[in-house]
Amino acid sequence: MAKVTFFPIDITYRIERDKPVIYLFGRTTGNEKICVTDAHFEPYFYVIPHKGKEVEEKLRKLKVERSGETAEVIRTEKVKKHFLGRDVEAIKVFVKFPSDVPIIREVIKDWEMLEYITEYDIRFAKRYLIDKGITPLVAVDAEGEFVTQRARVPVFRADKIEQKGENSLESPKVLALDIETYNPDGKNIDTEKNPIIMLSFYGENYQKVITWKKFKTKLDYIEFVDGEVDLIDRFKTIINDFKPDIITGYFSDEFDLPYIKARADKYKVKLDIGLDFSELRVNKARKVTSNITGINHLDIYKFIRKIVGPSMDTYAMNLNSVAAELINEKKIAVEVDSLAEVWDTNSTELESFCEYNLHDSFLAYKLTEKMLPNIMEIVKIVGMTIPEIARMGFSQLVESYILKQAQRFNELAPELPHHGILAKRRMQTYTGGFVFEPKPGLYKDIVVFDYRSLYPTIISSHNIDPGTLNCSCCEGKKTAPVEGRKKYWFCTKKKGFLPTLISDLITRRMRIKDIMKEKNTPLMEARSQSLKLLANSFYGYLGFSMARWYSIESARSTAAYGRYYIHKVIDEAKNEGFNVLYSDTDSVFLSLDGKTKKEAEKFREKINLELPGLMELEYDGFYPAGIFVSAKIGKFGAKKKYALLSEEGKLKIRGFETVRRNWSPISKEVQENVLNIILKEGKPEKALKYVRGVLEELKNNNIELKKVIIHTQLQKEIDSYDAVGPHVAIAIRMREKGINVGPGSRIDFVITKNGERIRDKAKLPDEVSEKDYDPEYYINNQVVPAVEKIFEVLGYSKDDLLESKAQNKLAKFF
DNA sequence: GAGCATCGGGG
DNA sequence: GTGTACGATGCTC
């Protein structure tokens with residue numbers, strides 16, 4: 001009997017000699033690739049029978065004929081389980097093949113003797129990982145022997161398999177790829193007509209570009225082949241020789257790999273790059289995914305868009321913008337629209353396209369390298385594989401985590417909702433966080449407090465869970481502060497399953513934070529972030545229609561408690577004589593109004609004494625000055641619009657229009673300067689003078705041209721715009737000049753004096769000279785709107801900015 | 001303003 | 001694959 005220790009990377013199963021066999025692909029602690037098989041795992045699901053009914057007998061006799069095959073129950077077992085807050089006697093029903101499970105469940109779903117059928121909808125491979133307590137990337141010990149079997153890596157047949165300890169794979173081998181395709185007619189992608197003309201790879205100490213038109217070059221990484229078929233062939237051999245754990249690309253799930261697959265199919269080339277010689281699988285369900293057995297295909301775009309995207313500055317998620325922001329790198333600037341022509345004319349320019357092609361792989365590699373610590377931490381917490389982490393939504397991450405823990409806590413999972421239930425759930429809504437409408441004004445000495453992990457700590461502290469909801473033992477006790485007639489309460493005697501999990505996540509993160517105070521490592525940072533991400537997703541999960549542990553009552557109660565606790569701070573702060581300026585969901589802004597920071601701190605401590613469980617109000621920061629603007633938007637309450645000055649003298653601007661990218665530099669500059677003069681120096685009259693000065697300069701055309709350039713990104717095809725705004729008009733002219741513009745193109749323009757409509761006045765920056773811009777436009781549509789709201793707060797109207805009559809309306813603020 | 005449709009990324 | 005898949009934004013009525 002031999003032993004191996006390995007890090008699992010990918011998992012699948014297949015049917016062999018009449019039974020399902022689990023395949024775990026990974027890398028051994030000796031750094032060799034390996035495939036470990038396990039034939040000792042049986043498919044099963046659970047039923048909960050009604051009390052007093054004997055159903056095991058009937059189940060055991062069950063045989064279902066389906067297209068010539070027989071699905072049958074092999075055996076049953078009585079098991080004690082927890083299910084949504086109660087103890088149940090369930091029956092574990094074993095069948096022969098995984099595919100028999102849905103067949104059997106379909107037949108018994110209407111049996112009246114059954115109360116509930118569940119866990120028939122958990123994928124077999126996932127079931128295996130859960131039941132064996134195996135987490136991908138964490139070391140697994142296997143006992144068994146190496147066997148001879150057709151595969152690209154050694155195969156080890158395991159008789160015993162166990163995961164103990166936390167030792168995990170540290171640096172998986174990553175190979176990035178990117179293709180260029182022949183595309184003569186613009187944007188349309190046609191995998192049938194247009195060949196792949198370049199293919200690049202980038203890995204550690206490895207760079208390669210394959211192409212099939214020869215030209216003179218000194219670049220040693222370029223390799224010439226005879227045609228597209230040979231290129232595809234090299235694609236296969238390079239992957240096979242490099243032996244990556246992860247293949248990565250930017251949008252490769254939906255472009256590069258499907259394209260390669262489509263071309264291979266056309267030539268009837270088998271893309272059998274799977275470690276078991278299976279082919280690259282392109283799944284065209286709703287969202288395309290591309291998978292290779294044994295190798296993790298990670299589309300780094302998907303992960304970035306989902307996890308990092310929302311907090312990024314860039315709006316566009318294309319490779320250029322994302323690389324610029326995350327790794328401070330850009331794509332190589334070549335005119336990709338001309339590639340087809342360059343290809344046809346056999347030009348030596350092809351070399352620069354090869355460099356471009358390689359560089360895109362390099363960017364995908366670097367982005368993956370940067371994101372990998374976070375991805376791997378999430379894998380280790382929720383137990384899904386790397387490609388799954390990248391593709392799944394937040395709620396599915398939560399669910400994977402809960403399913404994994406359900407096994408440990410002997411909890412039965414509810415079934416996935418079916419069509420009718422789903423439709424009903426989608427109709428249900430609930431109220432979110434509270435937003436305090438600020439009284440417009442300029443304020444001094446602002447203290448900001450916020451609840452640390454508000455929703456997770458509420459769920460934990462109030463035991464919010466579908467299984468503790470409206471329990472009979474606590475009826476008549478305290479209910480959640482939900483508006484309306486519905487009464488929700490949660491058991492105070494027995495801790496719920498989800499609150500148990502979330503408490504554990506919060507305390508784990510607190511422990512890591514404590515250690516980080518001593519020694520901060522990127523790994524701990526990644527772990528802390530992942531735990532926070534997961535804990536914060538529970539609240540949304542409870543209200544997510546697809547969730548197994550869906551509970552709109554729990555989601556509503558959580559939000560209601562959130563509003564209750566933030567109101568508590570607001571009310572008590574007012575009672576203590578603080579001036580409450582603003583509040584949003586979990587944070588409160590107070591102005592000291594003569595009180596000291598110490599008194600504010602005392603107030604915070606007092607609140608904390610009254611909070612249950614893990615809930616805590618934290619000190620977020622102190623700001624010497626701040627300005628709040630009211631802008632009520634419909635029924636959704638006050639808009640989040642304010643600017644704060646930190647003690648270090650930095651401005652924190654939220655919600656003011658010009659922080660958006662499509663304004664001219666001059667309006668951004670003026671807005672920032674105005675806020676600085678008002679907040680830092682406390683001199684609104686000086687700010688007013690300053691603005692009037694700028695307006696005067698604008699009027700005399702003394703402002704530099706580069707400060708009046710506006711840039712906007714084209715969001716769709718030029719011809720599909722109905723409303724021709726200035727940037728669209730410019731795009732049309734750029735096209736007429738032969739410049740290729742399309743969705744995503746950045747359009748720079750200046751508004752000039754000549755013309756009637758704004759779109760006629762718009763000109764390309766190099767078409768105009770320094771003094772051509774239209775002062776009126778920049779005054780009325782750019783600079784004044786950027787600062788108008790700020791001055792309104794101080795009692796100045798738009799006219800005050802434009803006209804030079806000085807009125808001292810500021811006295812009341814100082 | 002609600003309800004439906006379409007992008008997004010990629011060459 | 002023992003199932004199913006998004007979410008933000010723009011456009012129309």
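Quick note on labels: first sequence line is chain A, next is B, and so on, each numbered from 1. What you see below is based on every heavy atom in this structure, not just the backbone, and it leaves out hydrogens, waters and symmetry mates.
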Open item on the list: Check Arg548(A) with Asp121(A), please: is the shortest side-chain N to carboxylate O separation under 4.0 Å?
Closed with: yes

Task: Euclidean distance, atom NE2 of residue His297(A) to atom C1' of dG9(B) [Å, nearest integer] - done: 13 Å

Open item on the list: For Glu42(A), is there an ion pair with Arg75(A) - N to carboxylate O distance below 4.0 angstrom?
Closed with: yes

Task: Residues forming a side chain to side chain donor-acceptor pair (under 3.5 Å) with Glu329(A), sequence neighbours excluded - done: none

Open item on the list: Regarding Leu319(A), tell me which of base, sugar-phosphate or nothing describes its non-hydrogen contacts under 4.0 Å with the strands shown.
Closed with: sugar-phosphate

Open item on the list: Without decimals, in angstroms, what is the distance between Asp178(A) CG and dG9(B) P?
Closed with: 16 Å

Open item on the list: Counting only side-chain heavy atoms from C-beta out, which of dG9(B), dG11(B), dG1(C) sits nearest to Met317(A)?
Closed with: dG9(B)

Task: Whole-angstrom distance between dG7(C) and dG11(B), as gauged at atom P - done: 26 Å

TODO: Calculate the interatomic distance between Tyr250(A) atom OH and dG9(B) atom C1'; express it in whole Å.
DONE: 7 Å

Open item on the list: Applying a 4.0 Å non-hydrogen cut-off, can you work out what Arg105(A) is touching in the nucleic acid: base, sugar-phosphate, or nothing?
Closed with: nothing

Open item on the list: With a 4.0 Å cutoff (strictly under), does any side-chain N or O of Lys331(A) reach OP1 or OP2 of dG11(B)?
Closed with: yes

Task: Shortest side-chain distance from Gln396(A), nucleotide among dG8(B), dA5(C), dG11(B) - done: dA5(C)

Open item on the list: Heavy atoms only, 4.0 Å cut-off, all strands: where does Glu254(A) land among base, sugar-phosphate and nothing?
Closed with: nothing

Task: Candidates dG9(B), dT4(C), dG11(B) - which lies nearest the side chain of Thr181(A) - done: dG11(B)

TODO: Report yes or no: do Lys96(A) and Thr70(A) form a side-chain donor-acceptor pair below 3.5 Å?
DONE: no

Task: Separation of dC7(B) P from Ile189(A) CD1 (nearest whole Å) - done: 14 Å

Open item on the list: Measuring from the side chain of Tyr13(A) (C-beta onward, heavy atoms only), which nucleotide among dG8(B), dG11(B), dT2(C) has the closest atom?
Closed with: dT2(C)

TODO: Round to a whole Å and report the spacing from NZ of Lys287(A) to P of dG10(B).
DONE: 13 Å

- [ ] Round to a whole Å and report the spacing from CG of Leu363(A) to P of dG10(B).
- [x] 11 Å

Task: Centroid-centroid distance, Tyr541(A) to Tyr550(A), less than 6.0 Å - done: no

TODO: Quick one: label Arg305(A) by what it contacts on the DNA or RNA (base, sugar-phosphate, nothing), any heavy atom closer than 4.0 Å.
DONE: base

Task: Euclidean distance for P, dT9(C) against dA5(C) (whole angstrom) - done: 24 Å

Open item on the list: I want to verify a distance call: between dT2(C), dG8(B), dG11(B), whose nearest atom is closest to the Arg123(A) side chain?
Closed with: dT2(C)

TODO: Would you classify Thr12(A) as touching base, sugar-phosphate or nothing, given that sugar-phosphate means primed atoms plus P, OP1 and OP2, and contacts are heavy atoms under 4.0 Å?
DONE: base

- [ ] Round to a whole Å and report the spacing from CG of Leu397(A) to C1' of dA5(C).
- [x] 13 Å

TODO: Figure out the NZ/P separation between Lys306(A) and dG7(C), and round it to whole Å.
DONE: 10 Å

Open item on the list: Side chain of Pro98(A), heavy atoms from C-beta onward: which of dG11(B), dT2(C), dG10(B) has the nearest atom to it?
Closed with: dT2(C)

Task: Test of ring centre spacing under 6.0 Å for Tyr539(A) and Tyr455(A) - done: yes

- [ ] Answer with base, sugar-phosphate or nothing: what part of the nucleic acid does Asn291(A) contact at a heavy-atom distance below 4.0 Å?
- [x] base

Task: 5' precedence on DNA chain C between Val101(A) and Arg426(A) (nearest-nucleotide basis) - done: Val101(A)

